[in-house]
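Report on the following structure.
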There are 2 protein chains.
Amino acid sequence: MTNGTVAMGRPTLEQVAQHAGVSRATVSRVVNGSPTVAEPIRAAVERAISELGYVPNQAARSLVTQRTDSFALILPEWTTRVFSDDQLFPGVIRGVGQEMEAADKQLVLMLAGSAASHDRIERYALARHVDGVLIASMHGADPLPGTLARMGVPVVCGGRPLGRARVPYVDVDNVNGARQAVRHLLDTGRSRIATIAGPQDMVAGIDRLTGYREELRDSDRRSIVAVGDFTRDSGAVAMKQLLQDDPQLDAVFVASDLMANGAIRVLREQGRRVPDDVAVVGFDDIELARYTEPALTTIRQPIDGLGREMARQLLRLAGGETIPDQVVLPTELVVRASA
Amino acid sequence: MTNGTVAMGRPTLEQVAQHAGVSRATVSRVVNGSPTVAEPIRAAVERAISELGYVPNQAARSLVTQRTDSFALILPEWTTRVFSDDQLFPGVIRGVGQEMEAADKQLVLMLAGSAASHDRIERYALARHVDGVLIASMHGADPLPGTLARMGVPVVCGGRPLGRARVPYVDVDNVNGARQAVRHLLDTGRSRIATIAGPQDMVAGIDRLTGYREELRDSDRRSIVAVGDFTRDSGAVAMKQLLQDDPQLDAVFVASDLMANGAIRVLREQGRRVPDDVAVVGFDDIELARYTEPALTTIRQPIDGLGREMARQLLRLAGGETIPDQVVLPTELVVRASA
DNA sequence: ACGTGCGGTGGGAACGCTCTCACGCCCGTC
DNA sequence: GACGGGCGTGAGAGCGTTCCCACCGCACGT
C-alpha cells in the first residue's frame, strides 16, 4: 500500500487509465469530451479521475496541440501610471478578463515598460507561449503589432493603430463622440467653443480633436485649441492658456475628464462660473465625473465593452475565423451640470 | 534548397544542432548558459541560433523542468470595480508586474469573479501552469490561499489573510497608520474624533479601526464609529450618521480617501468648514487626495511597494528559500489642508 | 610507456499528452 | 452460416526539451 493516493506528484493519464482499467487513449477521450466513448466506461474513467484528483498537465498538452489556451494583454507601462486614476486601465483589464474567463482562456499581462521589453514580448509571443496578443493604447506608431502580425501571431489592437500596419482593431468612436460634445455646446447656445485636446501622438487625442474641428467647421465656427496630455495638471495648464488666447470663450470641450477636472479648477480660480460663464464637456465618463463640483457633462465610452470586444475578436481570430478590420463602439453624451 | 530557413514552423533544438554541427545536448547547454562549453563551439551554436531565429519552446521545457516561469496574480473581480477609481488596483498590478519583468517571469492575471472561478483557479494552479500564486485583498476568510498552500503551491497574500490559514503575507501597517492619523488630530488639538471605518470583513477595514481605537483609548477619548464600505457614497452616508450621532465632533479619521471625499462633501453641505470646524484625515493617499478642495491630509501607503514586495517574496518562496511569515510596510502621514 | 582524472561532448530516455491507425467485436444481411 | 461494415478501444509514435550517463581524448603522475 505504499503506492496510495498520497501526493506522490500529480497523477498522470497513464495512472488514471490503469486505475480505471482502460487505456490512456480512452482516458484522453473522456477528458476531452469525445463522443465515441461507451457510457459505462466513461463513468468508470470519470470516477477514476476524481478519485485520483487528476488534472491534465497543460505543458504536455500544449506540446502536442501547439496551443496554450492563453492570451497576452500588452499595456504600455506608463498607461498604468498616467491613467491610474481614471478607469481606462482597470476597465479594459476587467472587460478582457471577463471574456477570457468565459472562454476558459488565460490572460497573461505584460507591462511594456522599457524598449527592452518589446524584445521580450516578441520573443514570448513567438515562443508560442500564447495563442494571441491584445495590444492596448499605444503611443505613436508602434511597430509591435505589425511585427507580431507578420510573424503569424493573431493580434488585435485597442484603439486604431497609427502607422501603416494593417492590424485589426477595436476602438471607440472618438470622432463622433467629440462631435456630440461640441454639438451639445452649440445646441445650448454657446458660440466661442475652445478645446483642450489630448496628446497628438495618440489616436484618442488626434481623433477627438478631429471631431471637434469637423463639428465646428460644419457650423462655421472658429476653433481654439490647446493641447494637453490627458493628465489633470496638463488640463489646468491648457485652460490657462486658452483663457489668455481668448478671454471671451464661453465653452470648452476637454478631451478627457481628468483634464476637464483640472480645467474647471482653473476656471473657478479665475472667477468664471461653470457652466454659467463657461460650459465644460469632458470625455470618458469616469467615476469622478459624477462627483466633481459641478458634476461633469461628458461623453461616455464603453470601457469594459472595449476590453470585451477586443477579447472577443481575438478569440475569433485565433480560432481561425475572419474578423472585421475594425470594430467601432458608440459613444454617448451624458448631460450633467457642467454644460 | 527546399529545406531553407523559410518559416516551416519554428526551428527546434535539433535543427539548430544540425546547423551548427553539434549535438542537441550542446545546444541546450549553450541556451541555458552552462559553463562547460568550449568557446569556439559556443560561438558556432550562437550563430546558428540567431541565423535560424531559434526560440525555445516553453511547453517542452516546462514538461521536463516542471516549471513554467509564470506566476498568477489573483484579484477578486469586485476589486476592479469598486476600487477602480482609487489606485490600489493598478498600483498593485504595476508593482507586481515590474518585479516579475525584472525576474523575467510571466504574470498571469486571474479575476476571481463568481464562486465558480475559485474552482478554475485551483485547477489552474494545480495543473502546475504557474509556479506560484499571489492573492490580493480578499473579502472575509477566503479558503483559497490555505487550500493552495496545502497542495504545495507557493502562495503569498496581499493583506493579512483572515481565518486561521497560515499563509505568508505582505501588508501595509494599517494599525499604525490609523494611529498616526488619530495622533495627528490629537496633536492639533482636536478632541471629539470620530471615524468612518471600512468594511469589517476586510483586514484593511478591521485594522484601521483597531488603530483608531487603540490610539484613542491611549489618550482616554471616546470613540465614535460609523462603518462604510470604502466607496465614496458610503463615506457620505456614514458622515451624515456621525453628524447625527454627535453634532459636536471636531474631527474624523476616514479609513479611505474615497470615503473621505464623500464625507467632506457632506460636511460642506451641512455647513461645516473643513478643517476649521471639522478636521478630516483620510487613508491611502490616492491621486485624488491632492486635488480635492481642501486637499486631503492622509496616510500614505506604498501601493506599488506592496505589489513589488509581494512579488519578491513569492519569487523567493518559489525559489525554495524560506521567507518571513509576514512583511509589514510602513505608512506615512501626509499633511495637506484638511487637517 | 601506461594508468588516472577530468573537461567536454553525444546518445538516449523521459516528461505527459494527443492523435492516427489498426484491431476486435457485434450486428445486420444475403 | 459466412461476410461486410461500423463503432469502440488500444497500441504506438511523436511533440521539443532537459538531464543523466557513457564516452573520448588529453595532460599529468608514476
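From a predicted model like this one, the values you see are computed outputs, not experimental measurements.
- Here the straight-line distance linking atom CD of A:E101 with atom CD of A:Q106 works out to 9.0 Å at 0.5 Å rounding.
- Across A:R123 and B:V55, no two heavy atoms sit closer than the pair O-CG1, 3.9 Å.
- In terms of position on DNA chain D, the residue among B:R29 and B:Y54 whose nearest nucleotide sits closer to the 5' end is B:Y54.
- Remark: C1' of D:dG16 and CG of B:N32 are 13 Å apart, rounded to the nearest angstrom.
- The interatomic distance linking A:R61 (CZ) with D:dG14 (C1') rounds to 17 Å, in whole Å.
- Using a 4.0 Å heavy-atom distance criterion, A:V31 is classed as making no nucleic acid contact.
- Here D:dG16 presents its P atom at 10 Å from CG of B:L13, a figure rounded to the nearest Å.
- For the pair B:R67 CZ and D:dT17 C1', the interatomic distance rounds to 12 Å; values are reported in whole Å.
- The nucleotide whose nearest atom lies closest to any side-chain atom of B:T36 is, among C:dC19, C:dT9, C:dG16, C:dT9.
- Look at NE2 on A:H129: it is 14 Å from P on D:dT17, rounded to the nearest Å.
- Counting to the nearest Å, the P atom of D:dT17 and the CD atom of B:Q66 are 17 Å from each other.
- Comparing B:P35 and B:V64 along DNA chain C, the residue whose closest nucleotide (by nearest heavy atom) sits nearer the 5' end is B:P35.
- Between the side chain of A:D171 and the backbone N or O of A:R160 there is at least one donor-acceptor pair closer than 3.5 Å.
- The side chain of B:T65 sits closest to D:dC19 out of D:dC19, C:dC19, C:dC17.
- The distance from atom CZ of A:R10 to atom C1' of C:dC17 is 16 Å, rounded to the nearest whole Å.
- The base of D:dG12 sits with one of its N or O atoms less than 3.5 Å from a complementary donor or acceptor on the side chain of A:R24.
- Of the two residues contacting DNA chain C, namely B:L63 and B:G21, the nearest-nucleotide position lying further toward the 5' end is that of B:G21.
- Residue contacts for B:A25: at a heavy-atom cut-off of 4.0 Å it reaches a base atom on one of the strands shown.
- The phosphate of D:dT18 has OP1 or OP2 within less than 4.0 Å of a side-chain N or O from B:S28.
- Here the side chain of A:S62 pairs a donor or acceptor atom with the backbone of A:Q58 at under 3.5 angstrom.
- Phosphate proximity of C:dG16 to A:T12: absent, as no side-chain N or O sits under 4.0 Å from OP1 or OP2.
- Side-chain atoms of A:R42 stay outside donor-acceptor range of the base of D:dG8, with no qualifying N/O pair under 3.5 Å.
- A straight line from CG of A:L52 to C1' of C:dG16 spans 15 Å, rounded to a whole angstrom.
- A donor-acceptor pair under 3.5 Å is absent between the side-chain atoms of B:D69 and the main chain of B:K105, judged by distance alone.
- Legend: residues meeting ring pair (Phe, Tyr, Trp, His ring centres under 6.0 Å) with A:Y124, ordered by chain and number and at least two apart, are A:H129.
- Nearest to the side chain of B:A60, among D:dG16, C:dT18, D:dG8, sits D:dG16.
- B:T26 comes within contact range of the sugar-phosphate backbone alone, with a heavy-atom separation under 4.0 Å but no base atom that close.
- In terms of phosphate contacts, B:N57 brings no side-chain nitrogen or oxygen within less than 4.0 Å of OP1 or OP2 of D:dC15.
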